[in-house]
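Because only heavy atoms are used, hydrogens play no part in the values below, and waters and symmetry mates are left out as well, while side chains stay in. We name chains A, B, ... by the order of the sequence lines, and we start the count at 1 in each one. Just so it is clear, the model here is predicted, and its values are computed rather than measured.
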Amino acid sequence: MPHKTFLWFILPSLAAMVLFIALPIFSVFVQSLYVEHDQVLITTENCGPFGCKQETTVDVEATQILKDQAPLGKFNGFQTYSNRSHLAFAELTQAWSTATNARDFFGQILNLPFYKALAFTLTYTFVVTPFVIVIGLGIALGVNALPAKIKGPTIFVSLLPMIVTPLIGSLILFWMIDAQGILGATLQRLFNDNALSLKASPSLTWVMLFVYGVWHSAPFSFIVFYAGLQSVPSETLEAAMIDGASRWQRVRYVVIPYLTPLVTFITLMQLMDNFRVFEPIVGFSASANATSLSWIIFNDLRGQDSQLFGSAAATSMLTILGVAILLTPVLIRTWREFNSKTV
Amino acid sequence: MTPRSQRKSPLLALLSFGFVALWVLIASVPFLWTLWGSFKVQGDFFSKADWTNALYGVRTLVETGGTFTGNGYEGAWIEQEFWRATLNTAIVVFFTVTISLTLGTLGGYALARSGYRYAFWLLMIALVFRAMPHITLVSGYLLPFFQWNIWGHLSTTIIVLVAINQPFTLWMLHSFFLNIPKDMDESAMVDGCTRFQAFRHVIIPVMWPGVITTGLFSFLLAYNDFAVTAMLLSQDNQTMVPKIASFLGTTQVEGNVMYAVAAVVSATAPLFVLVMVFQRQIVSGLTAGAVKG
């Protein structure tokens, strides 16, 4: 296709992506270098019969004028990145020098908002992804062995957790595990502990969010594996059987090699999707015990009286950096494959 | 008859059947439970004393005089004006899907037919864009949108959702167009068509299965979105998902959790219908990217 025709075909789509994805990333970067204006303070001296005292008040008008003149705020360089809510270099150094052992050191670090969110996001990503793959494969093998008549309805039901709006899905589970919901109340009775609440303990909250993540994403890997199983030729399986391969050996040496490329695909998709975990934290009201990178950006932007654009932008840049690191191996691989194909 | 290679020992068969049965329960019971419970009062749905209350509606009978009640739905739809949010969702979803498919088919077709290296790079960049957490983009939109006074409108959100949708739409349609033989449009061009005429008369008539599948996923993205719609829409223009999130803040205080439950069930119903009608297309769409590598 000539360059010119190509350009005309791709132009609308490209324009949309440049305007609303590439430029915002740039705008986020610029925003992250600025910080909100300080409030303009006026100090007045009130002299009364009992002497003079100084009073400080906020000059609302002047603050507003300042905001209107420079909506971005004042230039702050990279200081937002290094402050306590982000990379917190000062706090890190302090923790390093005061901490008595590794446990104490990590305890101190995990109290810093950015590292707390990063820890949860990474744990979520790397716990949920393998579980999704293994459970999805299990379901696919199981469904594949079902009689044809009930396959359809089974697939229908299996799709539901994935198709449902993440926020709604997490609410549905949240209401069930609520202390007064069916699962929460049953657990309390089982353990005979009326104070048992999945919401109160940090580790149980994490587990709850992991369970939601697996519940939500397992159908995706199930469907992909299921389709992959259909493409395993039965002749090869027959041949392996004639050669005396046991059932396990057939799965190990015939079926699994067919599914390996699918594992790569699912891992890639899951890493991307799990890294931006956000809705379940809102749905489960879990922000006291578990925050993710996306959630702290959301929290900065939603601020009641003032939205912290600079802070949100800095976290966004760090998140984008994380995505880039996560994707690098994939991109390098695809690039190599592409080159080997064309040469 | 199943081939001999797929026959299993009875124990293994039982185990694998049990596993699937367990999964089906885990996948479906939360939905059934919430659907059933949405017709009860809060005292039953959140019954600490005895969970079977929710099944039989003991408190519901006491409070309303029947074992089923539509109070939650009435409160959500009429009192809290959930119908307005539903209407907004319909508008946003309809335009997002239509516009993204229009842009996506043109772009995807071009990417599939261009043999040049830059087409590959565009796809790679699209992949990186697809991985961007949506909320990071939103933090870039807010300030400019406030400045230009376009914050809060449905149309702004539609354009943003279209753009966020593009990387995925491009990838998916690109792989569908790769499956349509090149000879078809090229022979039309040999016969004197321009590239666009070939696209219009030869490709468009055969591309619908791919477009429908891609459309389903665009629909899901727009319908399920929370990050963009929650941050970019004003109170009056809220769509269903942010509306439900805002229910949580207000209704939990007033003891009207059942409004939120009813709203959740209402918002899930269209998705059920969608899966029922388009199950085959969804399955083929999920696997389209995977099987081709």
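- Each of L160(A), I163(A), L159(A) was scored for a side-chain contact (heavy atoms from CB on, under 4.5 Å) with F272(B), with one residue passing: L160(A).
- The two residues Y141(B) and P24(A) have their closest heavy-atom pair at CE2-CG, 3.2 Å.
- With chain B as the partner, the residue from I266(A), L23(A), I168(A) showing the most heavy-atom pairs under 4.5 Å is I168(A).
- Ring geometry for F145(B) versus F20(A): interplanar angle over 60°, hence perpendicular rather than tilted (30 to 60°).
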Q | Criterion side chain to side chain contact (heavy atoms under 4.5 Å, CB included) on L170(B) and M17(A), from CA distance to verdict | A | CA-CA 11 Å; L170(B) 278 182; M17(A) 287 201 293; 3.6 Å; yes
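- Residue F278(A) touches chain B through its side chain alone, counting heavy-atom pairs closer than 4.5 Å.
- Using a 4.5 Å cut-off between heavy atoms, M276(B) contacts chain A through both its backbone and its side chain.
- When all heavy atoms are compared, the tightest approach of A27(B) to W215(A) is CA-NE1, 3.8 Å.
- For a residue to count as touching a neighbouring chain, one of its non-hydrogen atoms must lie under 4.5 Å from one of that chain's; by this rule F17(B) touches chain A with the side chain only.
- Most heavy-atom pairs under 4.5 Å with chain B, from the set I25(A), V18(A), T315(A): that is I25(A).
- In this model, a donor atom of one side chain and an acceptor atom of the other lie less than 3.5 Å apart for S316(A) and S139(B).
- In this structure, I135(A) and F19(B) approach most closely via the heavy-atom pair O-CE2, 4.1 Å.
- Using a 4.5 Å cut-off between heavy atoms, F156(A) touches chain B through backbone and side chain atoms alike.
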Q.
Before you tell me yes or no, could you show the steps for D273(A) and R130(B) under side chain to side chain contact (heavy atoms under 4.5 Å, CB included), namely the whole-Å CA-CA distance, both residues' side-chain angles and the distance that decides it to 0.1 Å?
A. CA-CA 10 Å; D273(A) 288 347; R130(B) 188 201 172 283; 3.8 Å; yes
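- The part of M231(B) that comes within reach of chain A is its side chain, from C-beta onward, which places non-hydrogen atoms under 4.5 angstrom from that chain.
- With contacts defined as side-chain heavy-atom distances shorter than 4.5 Å, the pair M124(B)/L331(A) qualifies.
- I172(A) approaches P30(B) most closely through the heavy-atom pair CG2-O, 3.5 Å.
- Of the two parts of L111(B), the backbone and the side chain both hold a non-hydrogen atom closer than 4.5 Å to a non-hydrogen atom of chain A.
- Taking the six-membered ring where the residue is Trp, F9(A) and Y109(B) present tilted rings, their angle falling between 30° and 60°.
- Neither the backbone nor the side chain of A21(B) comes within less than 4.5 Å of any heavy atom in chain A.
- Contacts with chain B were tallied for M269(A), H3(A), R189(A); H3(A) has the most, counting heavy-atom pairs under 4.5 Å.
- Residue with the most contacts toward chain A among S114(B), A126(B), A230(B): S114(B) (heavy-atom pairs, distance under 4.5 Å).
- Of the atoms belonging to P167(B), heavy atoms from both backbone and side chain fall under 4.5 Å from chain A.
- The environment of R280(B) atom CZ is sparse: at most 12 non-hydrogen atoms of other residues, nucleotides or ligands sit within 6.0 angstrom.
- Of the residues considered (F120(B), F196(B), Y223(B), F199(B)), F120(B) shows the highest number of contacts with chain A, using heavy-atom pairs under 4.5 Å.
- Looking at heavy atoms from C-beta onward, V28(A) lies out of side-chain contact with T136(B) at the 4.5 angstrom threshold.
- The closest side-chain heavy-atom distance from V264(B) to W175(A) is below 4.5 Å.
- Proximity to chain A is absent for every atom of E186(B), based on heavy atoms less than 4.5 angstrom apart.
- Of all non-hydrogen atoms in M272(A) and A131(B), the two that sit nearest each other are SD-CB, 3.2 Å.
- Of the two parts of L14(A), only the side chain, counted from C-beta on, holds a non-hydrogen atom closer than 4.5 Å to a non-hydrogen atom of chain B.
- For M162(A), the part lying under 4.5 angstrom from a heavy atom of chain B is the side chain only.
- The choice from P161(A), P219(A), S27(A) that makes the most heavy-atom pairs within less than 4.5 Å of chain B is P161(A).
- If you look at F6(A) and Y118(B), their ring centroids are closer than 6.0 Å.
- Taken to the nearest 0.5 Å, the CE atom of M176(A) stands 7.5 Å off from the CZ atom of F45(B).
- Chain A forms more heavy-atom pairs under 4.5 Å with one residue of L137(B), T102(B), L143(B) than with any other, namely L143(B).
- Interface summary for chain A: among G140(B), G37(B), G104(B), A263(B), the most heavy-atom pairs under 4.5 angstrom belong to G140(B).
- For L173(A), the part sitting under 4.5 Å from any heavy atom of chain B is the side chain, from C-beta outward, and nothing else.
- If you measure heavy-atom distances from I139(A) to chain B, the contacts under 4.5 Å come from both the backbone and the side chain.
- Heavy atoms closer than 4.5 Å to chain B are found in the side chain of T5(A), but not in its backbone.
- Looking at T319(A), only its side chain comes within 4.5 Å of chain B, counting heavy atoms on both sides.
- With a 4.5 Å cut-off on non-hydrogen atoms, I282(B) touches chain A through its side chain but not through its backbone.
- Here OG of S13(A) is found 13.0 Å from CD1 of I99(B). Values are rounded to the nearest 0.5 Å.
- Contact tally against chain B (heavy-atom pairs below 4.5 Å) for L327(A), V282(A), V164(A): the top residue is V164(A).
- The side-chain heavy atoms of L293(A) and P133(B), taken from C-beta on, include no pair separated by under 4.5 Å.
- Heavy atoms of T34(B) lying under 4.5 Å from chain A belong exclusively to its side chain.
- Residue contact with chain A, scored on non-hydrogen atoms closer than 4.5 Å, involves the side chain of L122(B) exclusively.
- Residue with the most contacts toward chain A among I164(B), I125(B), I26(B): I26(B) (heavy-atom pairs, distance under 4.5 Å).
- Both the backbone and the side chain of V261(B) come within contact range of chain A, each with at least one heavy atom under 4.5 Å from a heavy atom of that chain.
- Side-chain contact between V143(A) and W23(B): absent, with no pair of heavy atoms (C-beta onward) separated by less than 4.5 Å.
- Within the 4.5 angstrom heavy-atom criterion, only side-chain atoms of L220(B), from C-beta onward, approach chain A.
- Interface residue I223(A): backbone and side-chain heavy atoms are both found under 4.5 Å from chain B.
- Looking only at side-chain heavy atoms (C-beta outward), L142(B) and F309(A) come within less than 4.5 Å of each other.
- Of the atoms belonging to A185(A), it is side-chain heavy atoms, and not backbone ones, that fall under 4.5 Å from chain B.
- For V323(A), the part lying near chain B is the side chain, with the backbone staying farther off; criterion is any non-hydrogen pair under 4.5 Å.
- For L301(A), the parts sitting under 4.5 Å from any heavy atom of chain B are the backbone and the side chain alike.
- With a 4.5 angstrom heavy-atom cutoff, A245(A) does not touch chain B via any of its atoms.
- Shown here for P144(B) and Q31(A), the closest heavy-atom pair between the two residues is CD-NE2, 4.2 Å.
- At a threshold of 4.5 Å between non-hydrogen side-chain atoms, the residues Q166(B) and I21(A) do not count as touching.
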